[in-house]
Amino acid sequence: MTQTINVGIVGFGWMGQVHAKALTRVRQHYPDLGATPRLVGVADPATDGRLDYARDVFGVGWTTPDWTELVVRDDIDLVCVAGPNFTHRDVAVAAAGAGKHIWVEKPAGRNLAETQQIADAISAAGVASAVGFNYRNAPAVELARDLVAAGRIGDVRHVRVQLLGDYCAHPEGALTWRFVRDLAGSGVVGDLASHGLDLAQYVVGPIGALLAETSTFIPERPAAVGTSSHFARGGDGPLLRVENEDYVMTLLRFRNGGRGVLEASRASVGEQNSYAFEVHGSTGSLAWDFRRMGELRECLDQDYQGASWTVHRIGPGDGEAAAFQPDTAIPLSFDDLKVIEAKRLLTSIVTGKPEGATIADMVTAAQLADAVLRSDAEKRWITL
Ligand SMILES: NC(=O)c1ccc[n+]([C@@H]2O[C@H](COP(=O)([O-])OP(=O)(O)OC[C@H]3O[C@@H](n4cnc5c(N)ncnc54)[C@H](O)[C@@H]3O)[C@@H](O)[C@H]2O)c1
(Lines give C-alpha, C1' and ligand atoms only; values in the text may rest on other atoms or scores of the structure.)
Protein backbone atom coordinates (compact mmCIF):
# COMPACT_ATOMS: atom_id res chain seq x y z
CA MET A 1 0.00 0.00 0.00
CA THR A 2 1.42 3.36 -0.89
CA GLN A 3 -0.09 6.71 -0.20
CA THR A 4 -0.13 9.26 -3.05
CA ILE A 5 1.35 12.61 -1.99
CA ASN A 6 0.40 15.43 -4.37
CA VAL A 7 3.11 18.06 -4.61
CA GLY A 8 3.14 21.75 -5.50
CA ILE A 9 6.43 23.55 -6.06
CA VAL A 10 6.84 27.29 -5.48
CA GLY A 11 9.91 28.59 -7.34
CA PHE A 12 11.07 26.46 -10.28
CA GLY A 13 14.70 27.59 -10.46
CA TRP A 14 17.71 25.54 -9.46
CA MET A 15 16.34 24.20 -6.17
CA GLY A 16 12.72 23.84 -7.32
CA GLN A 17 13.92 21.68 -10.19
CA VAL A 18 16.20 19.66 -7.88
CA HIS A 19 13.17 18.99 -5.63
CA ALA A 20 11.13 17.93 -8.68
CA LYS A 21 13.88 15.54 -9.82
CA ALA A 22 14.27 14.10 -6.31
CA LEU A 23 10.54 13.50 -5.97
CA THR A 24 10.43 11.92 -9.44
CA ARG A 25 13.27 9.54 -8.55
CA VAL A 26 12.60 8.78 -4.90
CA ARG A 27 10.62 5.55 -5.41
CA GLN A 28 13.11 4.31 -7.98
CA HIS A 29 15.63 4.22 -5.12
CA TYR A 30 13.17 3.35 -2.36
CA PRO A 31 10.54 1.08 -3.93
CA ASP A 32 9.17 0.10 -0.52
CA LEU A 33 8.55 3.69 0.55
CA GLY A 34 4.96 3.96 1.70
CA ALA A 35 4.35 7.09 -0.36
CA THR A 36 4.36 7.97 -4.05
CA PRO A 37 4.82 11.66 -4.84
CA ARG A 38 2.96 13.11 -7.82
CA LEU A 39 3.95 16.51 -9.21
CA VAL A 40 0.71 18.45 -9.53
CA GLY A 41 1.51 22.14 -9.79
CA VAL A 42 4.27 24.74 -10.08
CA ALA A 43 4.09 28.45 -9.20
CA ASP A 44 6.75 30.75 -10.64
CA PRO A 45 6.42 34.18 -12.28
CA ALA A 46 9.33 33.56 -14.69
CA THR A 47 8.45 33.95 -18.36
CA ASP A 48 11.53 32.23 -19.81
CA GLY A 49 9.94 28.88 -20.58
CA ARG A 50 10.60 27.12 -17.27
CA LEU A 51 6.88 26.54 -16.70
CA ASP A 52 6.75 24.82 -20.12
CA TYR A 53 9.69 22.71 -18.97
CA ALA A 54 7.73 21.79 -15.82
CA ARG A 55 4.71 20.75 -17.89
CA ASP A 56 6.47 19.08 -20.84
CA VAL A 57 9.28 17.26 -19.06
CA PHE A 58 8.03 16.71 -15.50
CA GLY A 59 4.40 16.17 -16.45
CA VAL A 60 3.16 18.88 -14.09
CA GLY A 61 -0.49 19.41 -14.95
CA TRP A 62 -1.01 22.96 -13.76
CA THR A 63 1.16 26.08 -13.52
CA THR A 64 0.64 29.63 -12.33
CA PRO A 65 2.73 32.75 -11.80
CA ASP A 66 0.97 33.27 -8.45
CA TRP A 67 1.93 31.10 -5.46
CA THR A 68 -1.15 32.20 -3.46
CA GLU A 69 -3.29 30.11 -5.84
CA LEU A 70 -1.09 27.05 -5.39
CA VAL A 71 -0.89 26.86 -1.61
CA VAL A 72 -4.67 26.64 -1.11
CA ARG A 73 -5.45 24.03 -3.76
CA ASP A 74 -7.27 20.96 -2.41
CA ASP A 75 -5.32 18.64 -4.68
CA ILE A 76 -1.96 19.50 -3.11
CA ASP A 77 -0.63 17.79 0.05
CA LEU A 78 3.00 18.95 0.11
CA VAL A 79 4.46 22.34 -0.85
CA CYS A 80 8.11 22.78 -1.80
CA VAL A 81 9.21 26.28 -0.82
CA ALA A 82 12.05 26.91 -3.26
CA GLY A 83 11.77 30.52 -4.41
CA PRO A 84 14.01 33.39 -3.30
CA ASN A 85 14.40 33.89 0.45
CA PHE A 86 11.92 36.80 0.57
CA THR A 87 9.09 34.45 -0.47
CA HIS A 88 9.76 31.65 2.03
CA ARG A 89 8.00 32.91 5.16
CA ASP A 90 4.80 33.99 3.41
CA VAL A 91 4.59 30.84 1.27
CA ALA A 92 5.41 28.42 4.09
CA VAL A 93 3.09 30.04 6.64
CA ALA A 94 0.19 30.14 4.14
CA ALA A 95 0.80 26.57 2.97
CA ALA A 96 1.08 25.15 6.49
CA GLY A 97 -2.03 27.14 7.45
CA ALA A 98 -3.82 25.37 4.60
CA GLY A 99 -2.71 22.01 6.05
CA LYS A 100 0.11 21.26 3.60
CA HIS A 101 3.33 19.48 4.54
CA ILE A 102 6.37 21.71 3.97
CA TRP A 103 9.78 21.16 2.30
CA VAL A 104 11.51 24.52 2.68
CA GLU A 105 14.92 25.51 1.39
CA LYS A 106 17.51 27.04 3.68
CA PRO A 107 17.79 29.56 5.20
CA ALA A 108 13.96 29.33 5.57
CA GLY A 109 13.18 32.85 6.89
CA ARG A 110 15.27 35.93 6.16
CA ASN A 111 16.03 36.04 9.87
CA LEU A 112 15.36 34.17 13.10
CA ALA A 113 11.91 35.74 13.64
CA GLU A 114 10.68 34.64 10.20
CA THR A 115 12.11 31.14 10.62
CA GLN A 116 10.35 30.87 13.98
CA GLN A 117 7.08 32.02 12.35
CA ILE A 118 7.40 29.19 9.82
CA ALA A 119 8.11 26.71 12.62
CA ASP A 120 5.10 27.95 14.60
CA ALA A 121 2.80 27.59 11.58
CA ILE A 122 4.06 24.05 10.94
CA SER A 123 3.63 23.12 14.57
CA ALA A 124 0.13 24.62 14.80
CA ALA A 125 -0.95 22.74 11.68
CA GLY A 126 0.61 19.47 12.84
CA VAL A 127 2.14 18.87 9.40
CA ALA A 128 5.50 17.31 8.53
CA SER A 129 8.54 19.33 7.48
CA ALA A 130 11.91 18.99 5.81
CA VAL A 131 14.60 21.63 5.33
CA GLY A 132 17.42 21.90 2.81
CA PHE A 133 20.33 20.79 5.00
CA ASN A 134 21.26 18.28 2.31
CA TYR A 135 24.94 17.81 3.30
CA ARG A 136 23.82 15.93 6.42
CA ASN A 137 22.50 13.20 4.17
CA ALA A 138 25.92 12.30 2.72
CA PRO A 139 26.82 8.77 3.88
CA ALA A 140 30.34 9.96 4.83
CA VAL A 141 28.87 12.69 7.05
CA GLU A 142 26.62 10.18 8.77
CA LEU A 143 29.59 7.89 9.27
CA ALA A 144 31.59 10.75 10.80
CA ARG A 145 28.72 11.51 13.17
CA ASP A 146 28.49 7.84 14.19
CA LEU A 147 32.25 7.58 14.77
CA VAL A 148 32.28 10.72 16.93
CA ALA A 149 29.24 9.50 18.91
CA ALA A 150 30.87 6.09 19.43
CA GLY A 151 33.94 7.76 20.93
CA ARG A 152 36.25 6.53 18.16
CA ILE A 153 38.23 9.80 18.14
CA GLY A 154 38.09 10.19 21.94
CA ASP A 155 37.08 13.58 23.27
CA VAL A 156 36.46 16.21 20.60
CA ARG A 157 39.18 18.84 20.92
CA HIS A 158 38.94 21.09 17.90
CA VAL A 159 36.87 21.36 14.75
CA ARG A 160 37.45 23.22 11.47
CA VAL A 161 34.54 23.95 9.13
CA GLN A 162 34.83 25.75 5.82
CA LEU A 163 32.32 26.77 3.17
CA LEU A 164 34.05 28.64 0.41
CA GLY A 165 32.58 29.60 -2.94
CA ASP A 166 33.37 31.97 -5.79
CA TYR A 167 29.83 32.61 -7.01
CA CYS A 168 30.09 36.26 -5.88
CA ALA A 169 33.82 36.71 -6.58
CA HIS A 170 33.37 38.61 -9.85
CA PRO A 171 33.08 42.37 -9.15
CA GLU A 172 30.65 42.66 -12.09
CA GLY A 173 28.38 39.93 -10.69
CA ALA A 174 24.82 41.27 -10.82
CA LEU A 175 23.25 42.77 -7.72
CA THR A 176 20.44 40.22 -7.48
CA TRP A 177 18.07 39.70 -4.54
CA ARG A 178 20.88 37.85 -2.75
CA PHE A 179 22.70 41.14 -1.98
CA VAL A 180 19.67 43.09 -0.71
CA ARG A 181 18.92 42.73 3.00
CA ASP A 182 15.14 43.12 2.60
CA LEU A 183 15.07 40.33 0.04
CA ALA A 184 17.72 37.88 1.21
CA GLY A 185 18.28 38.68 4.87
CA SER A 186 21.94 38.08 5.63
CA GLY A 187 24.53 37.22 2.96
CA VAL A 188 26.94 34.32 3.29
CA VAL A 189 25.86 33.73 6.91
CA GLY A 190 22.39 32.55 5.85
CA ASP A 191 23.47 31.18 2.51
CA LEU A 192 26.51 29.03 3.36
CA ALA A 193 27.43 29.37 7.04
CA SER A 194 23.95 28.03 7.93
CA HIS A 195 24.93 24.71 6.28
CA GLY A 196 28.23 24.69 8.21
CA LEU A 197 26.65 25.50 11.56
CA ASP A 198 24.15 22.69 11.03
CA LEU A 199 26.86 20.24 9.95
CA ALA A 200 29.06 21.12 12.91
CA GLN A 201 26.22 20.47 15.33
CA TYR A 202 25.07 17.34 13.51
CA VAL A 203 28.51 15.75 13.64
CA VAL A 204 29.97 17.15 16.88
CA GLY A 205 27.06 18.31 19.06
CA PRO A 206 25.51 21.58 20.26
CA ILE A 207 27.38 24.88 20.06
CA GLY A 208 27.27 26.83 23.33
CA ALA A 209 29.00 30.10 22.41
CA LEU A 210 30.52 31.90 19.44
CA LEU A 211 32.48 34.96 18.39
CA ALA A 212 32.20 36.21 14.80
CA GLU A 213 33.29 38.93 12.42
CA THR A 214 31.96 39.56 8.91
CA SER A 215 33.28 41.45 5.92
CA THR A 216 31.94 42.67 2.57
CA PHE A 217 34.79 42.52 0.07
CA ILE A 218 32.86 43.94 -2.90
CA PRO A 219 30.73 46.81 -1.55
CA GLU A 220 29.01 47.79 -4.85
CA ARG A 221 27.74 45.81 -7.83
CA PRO A 222 25.98 46.57 -11.13
CA ALA A 223 22.19 46.18 -11.14
CA ALA A 224 20.68 42.90 -12.33
CA VAL A 225 19.02 42.78 -15.73
CA GLY A 226 15.76 40.77 -15.88
CA THR A 227 15.65 37.47 -13.98
CA SER A 228 19.26 36.94 -12.97
CA SER A 229 20.56 33.70 -11.57
CA HIS A 230 23.23 33.25 -8.91
CA PHE A 231 25.95 33.53 -11.51
CA ALA A 232 24.76 36.34 -13.86
CA ARG A 233 26.77 39.48 -14.70
CA GLY A 234 25.17 42.89 -14.17
CA GLY A 235 24.33 45.60 -16.70
CA ASP A 236 26.06 48.90 -17.58
CA GLY A 237 23.97 51.05 -15.20
CA PRO A 238 25.08 52.68 -11.93
CA LEU A 239 26.64 50.59 -9.19
CA LEU A 240 24.37 49.74 -6.27
CA ARG A 241 25.32 49.06 -2.64
CA VAL A 242 25.75 45.46 -1.45
CA GLU A 243 23.81 45.25 1.82
CA ASN A 244 25.04 41.99 3.29
CA GLU A 245 28.29 40.17 4.00
CA ASP A 246 30.56 38.23 1.61
CA TYR A 247 32.61 36.58 4.35
CA VAL A 248 32.37 35.42 7.96
CA MET A 249 34.92 34.01 10.39
CA THR A 250 33.63 32.44 13.58
CA LEU A 251 35.14 30.90 16.70
CA LEU A 252 32.97 28.19 18.24
CA ARG A 253 32.73 26.61 21.68
CA PHE A 254 30.88 23.29 21.69
CA ARG A 255 29.02 22.20 24.80
CA ASN A 256 31.08 18.99 24.92
CA GLY A 257 34.23 21.08 25.45
CA GLY A 258 35.39 21.08 21.84
CA ARG A 259 36.62 24.29 20.21
CA GLY A 260 36.09 25.19 16.58
CA VAL A 261 36.59 27.62 13.73
CA LEU A 262 34.14 28.17 10.89
CA GLU A 263 34.92 30.24 7.83
CA ALA A 264 32.47 30.94 5.00
CA SER A 265 32.91 33.05 1.88
CA ARG A 266 30.91 33.59 -1.30
CA ALA A 267 33.76 35.52 -2.94
CA SER A 268 36.86 33.30 -2.74
CA VAL A 269 38.68 33.18 -6.07
CA GLY A 270 39.57 29.59 -6.96
CA GLU A 271 37.04 27.98 -4.64
CA GLN A 272 33.85 26.32 -5.85
CA ASN A 273 31.58 24.50 -3.42
CA SER A 274 34.55 23.91 -1.16
CA TYR A 275 32.55 22.63 1.78
CA ALA A 276 34.52 20.61 4.30
CA PHE A 277 35.11 19.83 7.95
CA GLU A 278 37.78 18.26 10.15
CA VAL A 279 37.13 16.95 13.66
CA HIS A 280 40.19 16.40 15.85
CA GLY A 281 39.80 14.29 18.98
CA SER A 282 42.08 13.14 21.79
CA THR A 283 42.79 9.78 20.09
CA GLY A 284 41.98 10.34 16.39
CA SER A 285 40.63 12.64 13.69
CA LEU A 286 38.16 12.69 10.78
CA ALA A 287 37.88 14.85 7.67
CA TRP A 288 35.24 15.25 4.93
CA ASP A 289 35.12 17.31 1.75
CA PHE A 290 31.91 17.65 -0.28
CA ARG A 291 33.96 17.57 -3.46
CA ARG A 292 35.12 14.06 -2.53
CA MET A 293 31.66 12.84 -1.62
CA GLY A 294 32.57 9.17 -1.67
CA GLU A 295 35.32 9.42 0.94
CA LEU A 296 35.76 9.95 4.66
CA ARG A 297 39.37 10.52 5.70
CA GLU A 298 40.08 8.79 8.98
CA CYS A 299 42.97 8.83 11.44
CA LEU A 300 41.95 6.14 13.94
CA ASP A 301 43.30 3.44 16.25
CA GLN A 302 46.98 4.45 16.25
CA ASP A 303 49.57 6.01 18.54
CA TYR A 304 49.35 9.67 19.48
CA GLN A 305 52.30 10.67 17.35
CA GLY A 306 53.20 9.82 13.79
CA ALA A 307 49.68 8.56 13.09
CA SER A 308 48.66 8.53 9.42
CA TRP A 309 45.39 9.04 7.58
CA THR A 310 43.48 6.45 5.59
CA VAL A 311 40.64 6.92 3.13
CA HIS A 312 37.41 5.11 3.93
CA ARG A 313 35.71 4.71 0.55
CA ILE A 314 31.97 4.89 0.95
CA GLY A 315 30.12 1.70 0.06
CA PRO A 316 26.67 0.14 0.39
CA GLY A 317 27.15 -0.36 4.14
CA ASP A 318 27.42 3.38 4.80
CA GLY A 319 24.39 5.61 5.37
CA GLU A 320 21.89 5.47 2.51
CA ALA A 321 24.50 4.56 -0.12
CA ALA A 322 22.96 1.13 -0.80
CA ALA A 323 19.85 2.80 -2.23
CA PHE A 324 22.00 4.28 -5.01
CA GLN A 325 24.85 1.93 -5.94
CA PRO A 326 25.64 -1.74 -5.25
CA ASP A 327 29.41 -1.33 -4.90
CA THR A 328 32.04 0.72 -3.09
CA ALA A 329 33.69 3.92 -4.41
CA ILE A 330 30.81 5.05 -6.64
CA PRO A 331 30.11 8.48 -5.12
CA LEU A 332 26.64 9.89 -4.64
CA SER A 333 25.80 13.26 -6.24
CA PHE A 334 24.32 16.48 -4.83
CA ASP A 335 20.97 15.50 -6.38
CA ASP A 336 21.16 12.10 -4.63
CA LEU A 337 21.37 13.91 -1.28
CA LYS A 338 18.06 15.56 -2.19
CA VAL A 339 16.54 12.15 -3.00
CA ILE A 340 17.46 11.09 0.55
CA GLU A 341 15.92 14.33 1.88
CA ALA A 342 12.71 13.54 -0.06
CA LYS A 343 12.66 9.97 1.23
CA ARG A 344 12.97 11.13 4.84
CA LEU A 345 10.23 13.73 4.43
CA LEU A 346 7.82 11.25 2.81
CA THR A 347 8.57 8.74 5.57
CA SER A 348 7.77 11.46 8.14
CA ILE A 349 4.46 12.12 6.39
CA VAL A 350 3.49 8.45 6.30
CA THR A 351 4.58 7.53 9.83
CA GLY A 352 3.83 10.84 11.54
CA LYS A 353 7.34 10.65 13.09
CA PRO A 354 9.94 13.24 12.05
CA GLU A 355 12.89 11.81 10.11
CA GLY A 356 15.80 13.83 8.73
CA ALA A 357 16.40 17.56 9.21
CA THR A 358 13.16 19.37 10.11
CA ILE A 359 12.12 22.95 10.72
CA ALA A 360 13.31 22.54 14.35
CA ASP A 361 16.86 22.08 13.03
CA MET A 362 16.44 25.19 10.88
CA VAL A 363 15.34 27.21 13.92
CA THR A 364 18.47 26.05 15.75
CA ALA A 365 20.65 27.06 12.78
CA ALA A 366 18.83 30.40 12.57
CA GLN A 367 19.51 31.01 16.27
CA LEU A 368 23.20 30.41 15.59
CA ALA A 369 23.17 32.63 12.48
CA ASP A 370 21.46 35.35 14.49
CA ALA A 371 24.14 34.99 17.19
CA VAL A 372 26.85 35.28 14.50
CA LEU A 373 25.37 38.57 13.28
CA ARG A 374 24.92 39.90 16.83
CA SER A 375 28.49 38.96 17.73
CA ASP A 376 29.73 40.82 14.66
CA ALA A 377 27.65 43.90 15.50
CA GLU A 378 28.44 43.92 19.23
CA LYS A 379 32.06 42.68 18.96
CA ARG A 380 31.67 40.10 21.72
CA TRP A 381 31.16 36.41 22.46
CA ILE A 382 27.50 35.38 22.37
CA THR A 383 26.33 32.54 24.61
CA LEU A 384 23.54 30.40 23.19
N1 LIG B 1 20.09 23.44 -0.10
C2 LIG B 1 21.00 23.96 -0.87
O3 LIG B 1 22.13 23.47 -0.92
C4 LIG B 1 20.66 25.17 -1.70
C5 LIG B 1 21.40 25.45 -2.86
C6 LIG B 1 21.02 26.57 -3.62
C7 LIG B 1 19.96 27.38 -3.21
N8 LIG B 1 19.28 27.07 -2.06
C9 LIG B 1 18.16 27.92 -1.62
O10 LIG B 1 17.07 27.70 -2.51
C11 LIG B 1 16.33 28.91 -2.69
C12 LIG B 1 16.23 29.21 -4.19
O13 LIG B 1 17.53 29.34 -4.70
P14 LIG B 1 17.87 28.96 -6.22
O15 LIG B 1 19.35 28.90 -6.32
O16 LIG B 1 17.04 27.81 -6.66
O17 LIG B 1 17.37 30.28 -6.96
P18 LIG B 1 16.94 30.46 -8.49
O19 LIG B 1 17.10 31.90 -8.77
O20 LIG B 1 17.62 29.46 -9.36
O21 LIG B 1 15.39 30.09 -8.46
C22 LIG B 1 14.43 30.86 -7.80
C23 LIG B 1 13.12 30.69 -8.56
O24 LIG B 1 12.09 31.34 -7.85
C25 LIG B 1 11.29 32.06 -8.78
N26 LIG B 1 10.56 33.13 -8.11
C27 LIG B 1 10.92 34.44 -7.94
N28 LIG B 1 9.93 35.11 -7.30
C29 LIG B 1 8.96 34.20 -7.07
C30 LIG B 1 7.67 34.30 -6.46
N31 LIG B 1 7.20 35.44 -5.96
N32 LIG B 1 6.90 33.17 -6.42
C33 LIG B 1 7.36 31.99 -6.92
N34 LIG B 1 8.57 31.86 -7.51
C35 LIG B 1 9.35 32.95 -7.57
C36 LIG B 1 12.27 32.52 -9.84
O37 LIG B 1 11.61 32.87 -11.05
C38 LIG B 1 13.15 31.30 -9.97
O39 LIG B 1 12.63 30.38 -10.90
C40 LIG B 1 17.07 29.99 -1.91
O41 LIG B 1 16.41 30.19 -0.70
C42 LIG B 1 18.45 29.41 -1.67
O43 LIG B 1 19.04 29.84 -0.46
C44 LIG B 1 19.59 25.98 -1.32
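We number each residue from 1, following the sequence as shown. Counting starts at 1 for both ligands and their atoms, in listed order.
Ligand 1 places these atoms under 4.0 Å from at least one heavy atom of Trp67: 32 (N). Near Gly132, the atoms of ligand 1 lying under 4.0 angstrom from a non-hydrogen atom of the residue are 1 (N). The distance from ligand 1 to the heavy atoms of Val10 drops below 4.0 Å at these ligand atoms: 33 (C). When each atom of ligand 1 is checked for a heavy atom of Lys338 under 4.0 Å away, the hits are 1 (N). Atoms of ligand 1 lying under 4.0 Å from at least one heavy atom of Phe12, given by number and element, are 39 (O). Contact atoms of ligand 1 toward Ala43: 33 (C), 34 (N) (distance under 4.0 Å to a heavy atom of the residue). Applying the 4.0 Å criterion to heavy atoms of Ala46 picks out, from ligand 1, the atoms 37 (O). Shown in contact with Thr87 at under 4.0 Å from a heavy atom are these atoms of ligand 1, numbered in order with element: 30 (C), 31 (N).
If you check each of Ser194, Gly13, Gly185 against atom 23 (C) of ligand 1, the one with the closest non-hydrogen atom is Gly13. Here the shortest heavy-atom distance to atom 42 (C) of ligand 1, taken over His19, Glu105, Arg50, Lys106, belongs to Lys106. Residue nearest to atom 12 (C) of ligand 1, selected from Pro45, Ala108, Gly83: Gly83 (by heavy-atom distance).
Heavy-atom distances between Gln17 and ligand 1 stay at or above 4.0 Å for every pair. Using 4.0 Å as the threshold, Glu341 has no heavy atom nearer than that to any atom of ligand 1. The shell of residues lying under 4.0 angstrom from ligand 1, judged by heavy atoms, excludes Phe133.
For the residue pair Glu271 and Ser268, no side-chain donor N or O sits within less than 3.5 Å of a side-chain acceptor on the partner. In summary, the side chains of His19 and Glu105 do present a donor paired with an acceptor at a separation below 3.5 Å, with no hydrogens or angles considered. No side-chain donor-acceptor contact under 3.5 Å links Asn244 and Arg181.
We find that Arg313 and Glu295 are joined by a salt bridge, their nearest charged nitrogen and carboxylate oxygen being less than 4.0 Å apart. Ion pair Glu320/Lys343 flagged as a salt bridge, since at least one NZ, NE, NH1 or NH2 atom sits closer than 4.0 Å to an Asp/Glu carboxylate oxygen. Under the 4.0 Å criterion applied to side-chain N and carboxylate O atoms, Arg233 and Glu172 are not assigned as salt-bridge partners.
The part of Asp191 lying near ligand 1 is the side chain, judged by heavy-atom distances below 4.0 Å. The proximity of Tyr167 to ligand 1, defined as any non-hydrogen pair under 4.0 Å, does not occur for either the backbone or the side chain. The parts of Met15 lying near ligand 1 are both backbone and side chain, judged by heavy-atom distances below 4.0 Å. The side chain of His88, and not its backbone, has at least one atom closer than 4.0 Å to an atom of ligand 1 (non-hydrogen atoms only; side chain from C-beta on).
At under 3.5 Å, not a single nitrogen or oxygen of Trp177, backbone or side chain, sits near a nitrogen or oxygen of ligand 1.
Atom CD1 in Ile76 sits 6.5 Å away from atom NZ in Lys100 (nearest 0.5 Å).
In this structure, Arg55 fails the cation-pi test against Trp62, since its NZ or CZ atom is not both closer than 6.0 Å to the six-membered ring centre and inside 45 degrees of the ring normal.
With Asp191 as the fixed residue, the salt bridge (charged side-chain N to carboxylate O under 4.0 Å, His left out) test singles out one of Arg266, Arg110, Arg178: Arg178. The only option from Thr364, Val161, Leu252 that meets the side-chain contact (heavy atoms from CB on, under 4.5 Å) definition with Leu197 turns out to be Leu252.
Looking at Asp182 and Phe86, their side chains never come closer than 4.5 Å, going by heavy atoms from C-beta outward.
Tyr202 has its ring centre no less than 6.0 Å from the ring centre of Phe277.
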